[in-house]
Amino acid sequence: MVYRSTRRQAEREAENDGYHLTSFEVDVRAGMDKTAKARRQIGFWRTWSFVLALVSVGLAIAVIVLAVRQTEKKTETCGKTPISNKNLNTIDQSEPDHPGPFHDLTKHEMFKIREFLENDPEIHVQPADGAVMNMSTLYMMDLFPPRKEDVLEYLDEGGLQPDREARVLVYRGDLDPPVVEERICGPLPDVTACSLLVSNTRRNPVEFALRPVSVMEFSAIYDYVLKDVDDKIGYILLESYGTSYHTCNPGECFSFYPSPMGTKLVGDITMRRLWIWAQYSVEYYALHPVDFGVLAILDGSDPRKYSVDKIWYHGRLYHSMDELITAYNSNSTEKSHVQRHSYSKDVFSTLNQRGDPLPEQPQRPPTLVEPDGKRYSLKDRKVEYLGWTFYFRMSALTGPSLYDIRYKGERIAYELGLAEIAVFYSADNSIQRITDFVDSGALIGSHSKSLVPGGDCPESATFIKQTFSGQTTADPVEHLRSFCLFENNNGYPLRRHLSYSNAEGAFYGGILDSVLTLRSAVTIVNYDYIFDFILHQNGVIETRVMSTGYILPTFYSTAEQPYGFKIEKDLLGPIHHHMFHFKADLDISGTSNRYETLNIKSEKVELRTVPGRSYFQTKYERSLKATEKEALFKYNFDLPKYHVVHNNAIKTNHGEIKAYRIALHGMSKQLLPENEDNEGTLPWARHQLVVTKHKDDEQVSSSPYAMWDSLNPVTDFSKFYEDDENIVDEDLVFWITSGMHHIPHTEDLPLTPTVGNHLTFFLLPYNYFKECPSVASRDHIRIELKDRNDPKQGVKVERNGNSYDTCSLPQVAKEYDTLLEENPDIVLQSRLSRGIF
């Protein structure tokens, strides 16, 4: 019936169209129509099936959403409590029209500086998009801090704000000989002059050979040096390693890792040498080295004259490419045969999740929650938090710093920040044995970016952007997540005491250690360093650095065994020394400070209860350090001591020193002999603590040239204390060195974990407050008897206004309060005598 109807329909349609169909054509069209109708019927049911499936999926999703919402109700935050202080909870990251003395350069100021430099007839910086090595080019710009005296007059006495100025590094490749010029540009924003920086602590201009490596130089190395390598010995690289630098398939070419050779090793302050390691371009390339490297000659500003000095190949040093070619072609040397890793998510060096998942089923980790909103504010790079205030910035050269740190209005530190990072390596091969990095030459601050919520910082953190000047673009470069700021609970008590029995008073008091943390994570090629500045509620300032990231391994050979362990096929993790230098300009009760040590000693005394019997105990002796050299501190386990800073004119109510104590955790010893090889470029690492009289000319303990300048350091930190000035009742600066020796092991693959790699120092109040200032915190919990005369009435809990009545998050606390009503003895003795203390 369907077929006949369809046949007649086909004939009518053909007649209407003016066609005469044969019987076969009618059958075909009818069949097609029949099929089409059948398809339409199938399509109809398919559509309805799809709709029903969608409805089912929708219902399932709705059920899941409802379930998730029900679950999330257990972790939702409380409604915000009305706050009378309008500044609290304010998060404002806009650039101010009139930035203060500590604020980093704004975008507007950067535009104006570049505009002046490009139009100045003497400096004549070239536009960034067309700059090359032999031109006048802008490397970087950074805030040049004003004189401390002028800033204090502005902050404390209502004086005028000092003019803002910028420090710029200009590569004068257009001069003969080429040099690096440091210039001070100001006043900002409408620059009227960019004068050469005059300083008693560093020379200027600086030899061109000492310049930090720039993007332009890396391009020149690739275009000239490595092109020459490929042209001459590319066939050796292909036969030995299956790839090269230029004659290779896209994505399979060698990556290269630079290792500078200090001028003390070269013997000439004008000579620039750089080892270029070869690595496979597999995640992560630093963990895939081969036994090949090139020592490049990079003298002058004309990259066409760059050349190859020496070659490292298969455990042997060759003095030219021709020497290697002769040995290779004559089979008079052993040849490398290294198989390239192909990328997969299971390669040991990748950061993919692999192995049996833990937990077996997905379960989210604990999450930080701020039940009543943020307890800190941020505006114009000033932070306020529970009595604390401070400013912060990110120097392109030296990294993060805090300024004008105060607690309840009293300044504790004028400046607290990173000054330098260094890593010195050891090995048998000619490349890594001279690899001594001093990282301000890599623009430390500019490498703090891309912090990830849930990975680097809590999801609830405030992520803070930072702007830097670019080398290849005229526009300022903005990193949207250079800092994160967050309050977190450390999960342990700041202080607590349980007095359980009635005889002892029957009370409990405790407070968890909730702190405010300002964090940055600096990635210098393979290594990542996490810097935290932490403010505690008891007036303590904590500075912490944690090391993570990829190790820098070397190609394995038996000759490398004294320097590390074999941790993978063809891979050895060599020993290296991480060193960090910090500046702490403390102002304890003003700028007239003293530095004393409380030396802890043993003494022999009379026992008294037994005539003629002696007894050993410990005591302390105060030792005032009068001069800078007298204050030099090298840690000695046999001579423990406290380091305290105070204003001698201001005492406690009991006539004692009102001080802050510097507690050093994470000290290490630099084992290299002084002024030998590259050691002279970091004299700051010779001591764990150095105290100097404040000088505006001694702003930074290192320089961006320290990667290269070991023959004649541009900034020699030892000169800061060689004049041995008086430091009694003076404005003092404390220079603190932290560090650790690292011998890598298999658990450092793929990345070095931070656990066990925490280096910290603390600024601790020491007789500074009448009592611990955290007693004012509402976070404190007190539990006591309702009636001390009738303990059986039970206990009460005081949370100082932090009610749990409207919050579903702290359900455990509410349950605990209910449990106390039923059984007060779980916290205090109220009914039972247990027969124990």
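This chain uses plain numbering: 1 for the first residue, then up along the sequence.
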Are the side chains of [X] and [Y] in touch, meaning some heavy atoms are under 4.5 Å apart?
X: L169; Y: P704; answer: yes
X: S547; Y: F580; answer: yes
X: Y529; Y: H578; answer: yes
X: Q699; Y: R167; answer: no
X: E420; Y: L682; answer: no
X: E370; Y: F486; answer: no
X: W708; Y: L274; answer: yes
X: L265; Y: D677; answer: yes

State whether the side chain of [X] and the backbone N or O of [Y] hold a donor-acceptor pair below 3.5 Å, judged by distance alone.
X: E181; Y: V170; value: no
X: D439; Y: A442; value: no
X: Y285; Y: Y257; value: no
X: R519; Y: D532; value: no
X: D380; Y: K382; value: no
X: S469; Y: M141; value: yes
X: E283; Y: Y343; value: no

Who passes side chain to side chain donor-acceptor pair (under 3.5 Å) against H742, sequence neighbours left out? Y527, H576, D748

Return the minimal non-hydrogen interatomic distance between [X] and [Y], and the atom names on each side.
X: P99; Y: T106; answer: CG-CG2, 4.0 Å
X: S430; Y: W275; answer: O-NE1, 3.6 Å
X: V522; Y: I444; answer: CG1-O, 3.5 Å
X: C484; Y: L451; answer: N-CD1, 3.5 Å

Taking atom [atom1] as the centre, does [X] end up with more than 12 heavy-atom neighbours from other residues, nucleotides or ligands that are less than 6.0 angstrom away?
X: Y222; atom1: OH; answer: yes
X: K227; atom1: NZ; answer: no
X: L351; atom1: CG; answer: yes

Regarding E207 and R272, does a basic nitrogen lie under 4.0 Å from an acidic carboxylate oxygen? no

Taking NZ, NE, NH1 and NH2 as the nitrogens, is one of them in R686 or E679 under 4.0 Å from a carboxylate oxygen of the other? yes

Picking from D436, D709, T263, what satisfies side-chain hydrogen bond (donor to acceptor under 3.5 Å, both in side chains) with T681? D709

Determine whether Y385 and E487 satisfy the following criterion, side chain to side chain donor-acceptor pair (under 3.5 Å), listing intermediate values before the conclusion. CA-CA 9 Å; Y385 168 73; E487 186 184 10; 2.9 Å; yes

Give, for atom [atom1] of [X] and atom [atom2] of [Y], the distance between the pair rounded to the nearest 0.5 Å.
X: K583; Y: L418; atom1: NZ; atom2: CG; result: 12.0 Å
X: E478; Y: K449; atom1: CD; atom2: NZ; result: 13.5 Å
X: F144; Y: R183; atom1: CZ; atom2: CZ; result: 14.0 Å
X: S395; Y: D104; atom1: OG; atom2: CG; result: 7.5 Å
X: H536; Y: L763; atom1: NE2; atom2: CG; result: 10.5 Å
X: S702; Y: L397; atom1: OG; atom2: CG; result: 10.0 Å

Dump the intermediate steps for side chain to side chain donor-acceptor pair (under 3.5 Å) on T548 and T754, then the final yes or no. CA-CA 5 Å; T548 179; T754 62; over 6 Å; no

Partner of H288 by ring pair (Phe, Tyr, Trp, His ring centres under 6.0 Å), out of F348, F555, Y550: F348

side-chain contact (heavy atoms from CB on, under 4.5 Å) between Y563 and Q432, intermediate numbers included: CA-CA 11 Å; Y563 307 102; Q432 196 152 23; over 6 Å; no

Sequence neighbours left out, what passes ring-ring contact (aromatic ring centres under 6.0 Å, His included) with F390? Give chain and number order. none

Which side chain to side chain donor-acceptor pair (under 3.5 Å) pairs, counting each pair once, include a residue from residues 662-672, with sequence neighbours left out? H577-S668

Just checking, is any N or O donor in the side chain of [X] or [Y] under 3.5 Å from an acceptor N or O on the other one?
X: Y425; Y: T554; answer: no
X: D346; Y: S344; answer: no
X: S440; Y: T398; answer: no

Once you measure the plane-to-plane angle for Y245 and F292, does it fall in the parallel (<30°), tilted (30-60°) or perpendicular (>60°) bin? tilted

What do you reckon, are the aromatic ring centroids of F463 and F483 less than 6.0 Å apart? no

